[in-house]
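Counting from 1, the numbers follow the sequence of the chain as shown.
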Amino acid sequence: MPILIAQPVEHEKSTKAQAKTAVFDRHDLTGKWNRVSPFQTYSNVPGGANELQAYLLGQAPAPQKLDVETAEAPFTPEGKAKFDKNIPSYGRRITAPMLGNDPQAMCDPWGVPRMLNGQVAGPHATIEIVQLPDRMFTFSQWHHDYRMVWTDGRQLPKLDEVEPRWNGYSVGKWEGDTFVVNSLGFDERTWLDHNGYPHTDHMRLEERYRRLDAETLELVMTITDPQYYSKPFRSDTKIWKLDREGGKAWDEQIYCVPSEEFKFNKLIRDGGVGKQP
C-alpha cells in the first residue's frame, strides 16, 4: 500500500525534474502560457476578477496567507486623486458598472499592461506568444486582442511624434537571456489593472521576460509616470506555465461584445436578476 501511494508522488517529482532539465531555447518564448501567480492586478495587492473576490466581498473565509507583503502604489497627490475617481467593476472597490467607470464595462480595450496581468481567472488566465524574425505578437484570449512588439532594431518614437494608442508603441531586444520590452504612447483611458490604477499618456513601461526552464516564464514590469507616481512603480513577479496541450485547442474566439456585455451588466453586475423591467 505505501508503495502504491508513493508511486504517483515519485512520478510527479520525476516529471517536474524532467521539465526543469529539458533542452529548450531560452530565447524562444513562443507558446501558450497560463498564469499561475496569484494576482490579477499590476502589483501584489489583491483585487482580481475571481481570485480572492469572495473573500474581498465577505462571502468566504480568508484564503491561505500569501508569503509576500503587499505594496500600495507610490501615488503623487494628483495620481491618488485620479485613482479615487476610477470606480472599478472588480477587486477591493468593486461597484456595479452602472455606478462605475471601468473601461471593461464598455468593452473598451484593456490596453497594456492590464491585458498582461488582468486576464479573467480560470481557463482564460492565459497569453499566447508568437515570435517572428522582426517582431513578437502577444495574443490575449479575453477581448481577443493582440499586441505587437518590434524586434527589428528600430527605436521608439518620441512622444510628440505619435498619437496615443490602446497598446502603445513597443520595441524589444535580448539582454543576455532576458527579453526586454520598452513601450510608450499609451492611451490614458486604459488602467493598469482591475484595481483601477491610472496612468497618463506619458507613461513608459518596461517588461522583462525570462524563461526560467522549459515550462516556466517569468515577467516583471516597471512603469515610470512622474505625474501620477512619485517613483518607478514595479509590479509583482508574474509566473506562467507552458500549456502544451491547450496550445493545440481550437481558438475560443472570446470577444467582449458590447450588446452582450451590457445585458450581462444589467442582469448580473448591476443586480438586476429577478427584478421586474
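A centroid separation of less than 6.0 Å is found between the aromatic rings of Tyr42 and Phe233. Ring centroids of Phe75 and Tyr228 are separated by 6.0 Å or more, keeping the two rings apart.
Note on Lys32 versus Asp251: no salt bridge recorded, every NZ/NE/NH1/NH2 to OD/OE distance being 4.0 Å or above. Note on Glu207 versus Arg147: salt bridge recorded, some NZ/NE/NH1/NH2 to OD/OE distance being below 4.0 Å. Between Glu260 and Lys263 there is no salt bridge, since no side-chain N of the basic residue sits under 4.0 Å from a carboxylate O of the acidic one. Here Arg210 pairs with Glu218 in a salt bridge; the nearest charged N to carboxylate O distance falls below 4.0 Å.
Residue Arg234 holds its CZ atom at 5.0 Å from OG1 of Thr237, rounded to the nearest 0.5 Å. Atom-to-atom distance recorded for Ile239:CD1 and Leu212:CG is 5.5 Å, nearest 0.5 angstrom. Rounding to the nearest 0.5 angstrom, the gap separating the CG atom in Asp201 from the CG atom in Leu159 is 7.5 Å. Summarising the geometry, atom CE belonging to Met136 is positioned 13.0 Å from atom CH2 belonging to Trp150; distances are rounded to the nearest 0.5 Å.
Pro198 and Gly79 get closest at one heavy-atom pair: CG-O, 3.9 Å. In terms of heavy-atom proximity, Val171 sits nearest to Leu156 at CG2-CG, 3.7 Å.
Looking at heavy atoms from C-beta onward, Leu205 lies out of side-chain contact with Thr224 at the 4.5 angstrom threshold. Side-chain atoms of Glu206 and Val180, non-hydrogen and from C-beta on, do get closer than 4.5 Å to each other. At a threshold of 4.5 Å between non-hydrogen side-chain atoms, the residues Leu217 and Leu242 do not count as touching. Side-chain atoms of Trp191 and Asn86, non-hydrogen and from C-beta on, do get closer than 4.5 Å to each other. By the 4.5 Å heavy-atom criterion applied to side chains, Trp166 and Phe186 are not counted as neighbours. The closest side-chain heavy-atom distance from Leu132 to Phe137 is below 4.5 Å. For the pair Cys256/Gln104, a side-chain contact is recorded, criterion being any heavy-atom separation below 4.5 Å from C-beta on. For the pair Trp33/Asp243, no side-chain contact is recorded, criterion being any heavy-atom separation below 4.5 Å from C-beta on.
Remark: Phe264 CZ is packed, more than 12 non-hydrogen atoms of other residues, nucleotides or ligands lying under 6.0 Å away. Crowding of Glu163 atom CD: a count of heavy atoms from other residues, nucleotides or ligands under 6.0 Å not exceeding 12. Remark: Glu175 CD is packed, more than 12 non-hydrogen atoms of other residues, nucleotides or ligands lying under 6.0 Å away. Surrounding CE of Met148 are more than 12 heavy atoms belonging to other residues, nucleotides or ligands, all under 6.0 Å away.
Judged purely by distance below 3.5 Å, without hydrogens or angles, the side chains of Thr126 and Asn34 pair a donor atom with an acceptor atom. For the residue pair Arg204 and Ser183, no side-chain donor N or O sits within less than 3.5 Å of a side-chain acceptor on the partner. If you check the side chains of Asn117 and Asp193, you find no donor sitting under 3.5 Å from an acceptor. Between the side chains of Asp187 and Thr190, no donor N or O sits under 3.5 Å from an acceptor N or O. No side-chain donor-acceptor contact under 3.5 Å links Lys173 and Thr151. No side-chain donor from either of Ser235 and Arg208 sits under 3.5 Å from a side-chain acceptor of the other. Judged by distance alone, the side chains of Thr200 and Asp225 do bring a donor and an acceptor atom under 3.5 Å apart.
Side-chain atoms of Ser37 never come within 3.5 Å of backbone atoms of Lys238 as a donor-acceptor pair (strictly under, hydrogens ignored). Using modelled atom types, one side-chain atom of Arg26 and one backbone atom of Arg211 make a donor-acceptor pair closer than 3.5 Å. Gln131 contributes a side-chain N or O that, together with a main-chain N or O of His27, makes up a donor-acceptor pair within less than 3.5 Å. With Asp102 contributing its side chain and Pro88 its backbone, the two residues share no donor-acceptor pair below 3.5 Å. Side chain of Asp152 to main chain of Arg135: no donor-acceptor pair is present (N/O by atom type, distance under 3.5 Å, no hydrogens or angles). No side-chain donor-acceptor contact under 3.5 Å links Tyr209 to the backbone of Val181. Distance alone, capped at 3.5 Å, places no donor-acceptor pair between the His199 side chain and the Ile223 backbone.
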Q: With side chain to side chain contact (heavy atoms under 4.5 Å, CB included) as the test, would you mind laying out the steps for Ile127 and Trp240 before giving the verdict?
A: CA-CA 9 Å; Ile127 60 173; Trp240 280 276; 4.0 Å; yes
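Ring geometry for Trp110 against His194 counts as perpendicular: the plane angle is over 60°, on a 0 to 90° scale with 30° as the lower cut.
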